[in-house]
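In what follows, a structure is listed as structure tokens, so that the remarks can point back to it.
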Amino acid sequence: MADLTQLSLTEALQGLQRGDFSSRELTQAYISRIQTLEPVIHAFITLDLEAALSKAVLADRLLSTNEENLPPFTGLPLAIKDVLCLEGVRCTCGSMILENFVPPYTATTVQRLLDAGVIPLGKTNTDEFAMGSSTENSAFGPTHNPWDVDRVPGGSSGGSAAAVAARMTPAALGTDTGGSVRQPCSFCGTTGIKPTYGRTSRYGLVAYGSSLDTVGVITRNVADTALLFQHIAGFDPLDATSAQEPVPTYTLPDSPDLKGLRIGVPEEYFIEGIQPEVEQAVKKAIQHMEGLGARAVPIHLPHTEYALPAYYIIAPAEASANLARYDGVRFGPRIGEGETLWEMFSETRGVLFGAEVKRRIMLGTYALSAGYYEAYYGKAQKVRALIKEDFIEAFKQVDLIAAPVAPSTAFKFGEHANDPLAMYLEDVFTLPASLAGIPGLAFPVGYDKNKLPVGMQLMGPHFSEPLLFNVGHAYQLASNWHKCWPEDELIKNTAFEKKEEIR
Ligand code: GLN
């Protein structure tokens with residue numbers, strides 16, 4: 001039988017439904033790949049492969065009934081970022097403070113996929129509490145980029161993106177607070193959506209920056225993204241900021257026609273310091289879209305440069321409050337008894353949180369403290385309003401905005417690890433959409449000279465996911481970047497050669 005892991009999610013579902021192969025065969029194909037590549041890629045924190053196979057056998061029983069109304073994803077394996085709760089399976093958030101935390105409930109987005117019939121393969125690696133852009137902040141060790149195992153896969157959903165790129169899963173759930181779906185997609189050549197804030201439920205997503213957190217999907221192409229996203233989007237009474245807006249059916253065009261589409265090209269996203277090959281690939285993709293009938297319109301988003309400082313006040317401020325609950329009393333282990341309660345708190349948190357998380361807690365606490373609140377947090381909120389205003393103004397002139405996802409392709413391990421500012425700069429193009437709460441679709445549009453993928457993002461007004469999917473799909477109908485994957489030989493040879501060295 002052909003290698004079933006070559007199939008896209010949509011093709012795999014069709015094959016399952018037609019009876020071309022069983023869920024057990026499909027799931028086993030992914031398990032075999034995981035067993036071969038996981039020692040090198042390290043995309044997962046927790047694997048649940050035996051349970052996955054048993055569920056596949058059950059799914060096959062359902063599929064063999066040929067019933068009309070089977071859940072749409074019956075028998076489809078899938079990976080889940082380890083910040084989303086799945087009842088009974090430990091959820092670490094990439095942190096020692098939650099090393100053995102087994103949630104007693106399931107996140108709404110995960111539950112919706114379980115109800116639709118998916119089979120969880122495991123929980124994917126992430127920067128600790130989703131704080132980071134490389135997975136180097138994971139307490140369980142970093143994930144390696146399948147295109148070049150000496151490089152990071154991006155972050156924080158790096159485990160999810162690497163697992164999809166290495167074909168260890170057909171798709172994965174990720175989360176995006178400031179770029180964590182889009183940037184790993186860019187680094188790993190995968191396609192993914194960071195939705196409008198409130199479009200996907202945050203219930204059961206371990207909170208980082210509550211006013212920014214979103215749940216998205218990472219797949220191999222736009223059609224798969226739209227199909228999977230259809231099932232996780234929508235109102236949830238369990239999340240107070242969930243949007244009431246109904247979810248339309250995401251139908252995609254069957255021809256690559258972009259006639260009449262106005263694409264904004266923001267000058268502020270093509271700045272000095274951006275890797276020239278990234279700029280070239282993204283501009284070429286825009287030209288390609290013009291060839292399909294779209295019109296590129298130069299625009300300005302004048303407050304773009306303030307997004308980074310504003311985000312790195314707001315996100316840590318919210319994180320410092322959200323992470324106060326990990327105190328050695330209610331979750332996770334306790335370190336030392338201490339003389340006083342405060343000593344026990346500080347010892348537990350001091351030992352079990354990683355350096356970046358502690359940095360954010362300190363930054364955030366400072367920004368929120370009496371006397372500084374207005375100067376930092378208050379000001380950052382005002383900047384956030386200006387950034388949102390920039391987008392509102394731009395969308396009066398254009399239908400959507402095209403830009404690079406990140407200023408560079410995947411960087412090497414350690415390149416930014418000791419320089420937090422350099423790491424934060426990786427997020428310069430993803431943070432504005434996060435602050436504005438608008439959606440962003442990331443997909444591959446080229447390679448750099450090292451054959452590393454380059455990603456582009458399309459940003460649209462609130463709830464414009466259908467338009468983003470349409471345009472992204474039209475581009476993919478007329479291009480092949482989403483069909484390029486790291487060659488097996490490349491992953492295996494380089495990986496096994498370097499394995500000793502890097503792990
Ligand atoms: N890199 C950004 C940060 O560290 C974004 C992370 C995310 O989206 N979760 O905060």
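Nothing here was measured: the structure is a model prediction, and the numbers come from that model. Order of listing sets the numbers, starting from 1, for every ligand and every atom in it.
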Which atoms from ligand 1 have a heavy atom of [X] less than 4.0 Å away?
X    : result
S156 : 9 (N)
R360 : 3 (C), 4 (O), 10 (O)
M131 : 4 (O)
A130 : 6 (C), 7 (C), 9 (N)
S133 : 1 (N)
G178 : 5 (C), 7 (C), 8 (O)

Contact check, A315 vs ligand 1, heavy-atom distance below 4.0 Å | no
Proximity flag Y424 to ligand 1, non-hydrogen atoms under 4.0 Å | no
Protein contact of [atom] - nearest heavy atom, named by residue and atom, plus distance:
atom                    : result
atom 10 (O) of ligand 1 : Y208 OH, 2.5 Å
atom 2 (C) of ligand 1  : D427 OD2, 3.1 Å
atom 7 (C) of ligand 1  : S180 OG, 2.4 Å

Does T177 approach ligand 1 within less than 4.0 angstrom via side chain, backbone, both or neither, non-hydrogen atoms only?
-> both
Cation-aromatic face contact K283/F270, 6.0 Å, 45 degrees | yes
How many angstroms lie between [atom1] in [X] and [atom2] in [Y], if you round to the nearest 0.5 Å?
X    : Y    : atom1 : atom2 : answer
I218 : K81  : CD1   : NZ    : 8.0 Å
H416 : N418 : NE2   : CG    : 11.5 Å
C85  : Q111 : SG    : CD    : 12.0 Å

Does the plane of the ring in [X] sit parallel, tilted or perpendicular to the ring in [Y]? Use 30° and 60° as the thresholds.
X    : Y    : result
Y475 : F443 : tilted
Y326 : F353 : perpendicular
F229 : F469 : perpendicular

Nearest heavy atom to atom 5 (C) of ligand 1 wins, so pick from F129, Y312, Y311.
-> Y311
Are the side chain of Q457 and the backbone N or O of P404 linked by a donor-acceptor pair below 3.5 Å?
-> yes
Flag if over 12 foreign heavy atoms under 6.0 Å of NZ, K358 | yes
